[in-house]
Amino acid sequence: MSIHIGAKEGDIAETVLFPGDPLRAKFVAESFLENAVCYNEVRGMLGYTGTYHGRRVSVQGSGMGQPSLAIYTTELLRDYGVQQIIRIGSCGAMQKEISLHDLIIAMSASTDSNMNRRRFGGEIDFAPCADFSLLERCVAAARERNLGFRVGNVFSTDAFYQPDPEEWKLHAQYGILAVEMETALLYTIAAGFDARALTVLTVSDSLVTGHALASADRERSFADMATLALSLA
Ligand code: HPA
């Protein structure tokens, strides 16, 4: 057991799907895994292990934001021998040609968080990037399934509600595709453990148009993304 995960050694698979919302972890386990067993209920941050097409895989809630995700990422990699983590989440599009439902595959992540900088003594801006083999396989799988997707830089913010509602326009000018709240630290922590990490996101809202998916539509997009991520396990 670790402090925040009530699993025993060996309860968690080498590959973990990592949605922010623990109820999404439950949904993935119940909809797509065979023989899924819940290994964690501590703080309601549900985690399950089962099999997908014969391969053992876990799905674990990360909570919202980098401080929460950092706790679960560290314990999965340090205490349970996890080797690859695939975050599945949602994001707000920053570019006008990106539509609701599109997939964003995060090649790299910029951030306004201080957590990365502190890790390197405040001296350098580490550039968090995805594991290339996972990225390459995910792109091939998305093409095969005819899913609309973009690959690029995302912005991992600490503040869902920004004091300056126009700030994203500068990030968009530099080609950032979308905003979410977790990937930069996921990639940094995974790099420190020599583990593989990738984030796949569905576009749930657009900062450009102000449009957002209704919750039933979010579920459909989420299911497509979850099966794409499971195919990488
Ligand atoms: N901001 C931050 N995180 C998000 C958003 C957003 O607009 N949409 C989905 N996750």
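Positions are given from 1, in the same order as the sequence printed here. Remember, it's 1-based here, ligands and their atoms both numbered in the order they're listed.
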Handout entry: Gln173: side-chain contact (heavy atoms from CB on, under 4.5 Å) partners, not counting sequence neighbours
Key = Leu170

Practice task
Compute both the distance and the angle, then confirm whether Arg78 meets the cation-pi test with Phe193: under 6.0 Å from the six-membered ring centre, within 45 degrees of the axis.
Solution key: no

Completion exercise
Sorted by chain and residue number, the salt bridge (Lys or Arg N to Asp or Glu O under 4.0 Å) partners of Glu97 (sequence neighbours excluded) come out as Arg150

Handout entry: With sequence neighbours excluded, residues passing side-chain contact (heavy atoms from CB on, under 4.5 Å) with Ala191
Key = Phe126

Problem - Val57 side chain near Thr51 side chain, heavy-atom distance below 4.5 Å - result: no

Fill in the blank from the handout: Less than 4.0 Å from some atom of ligand 1, heavy atoms are found in residues Ser90, Cys91, Gly92, Phe160, Val179, Glu180, Met181, Ser204, Asp205, Leu207

Handout entry: Salt bridge flag under 4.0 Å for residues Glu180 and Arg87
Key = yes

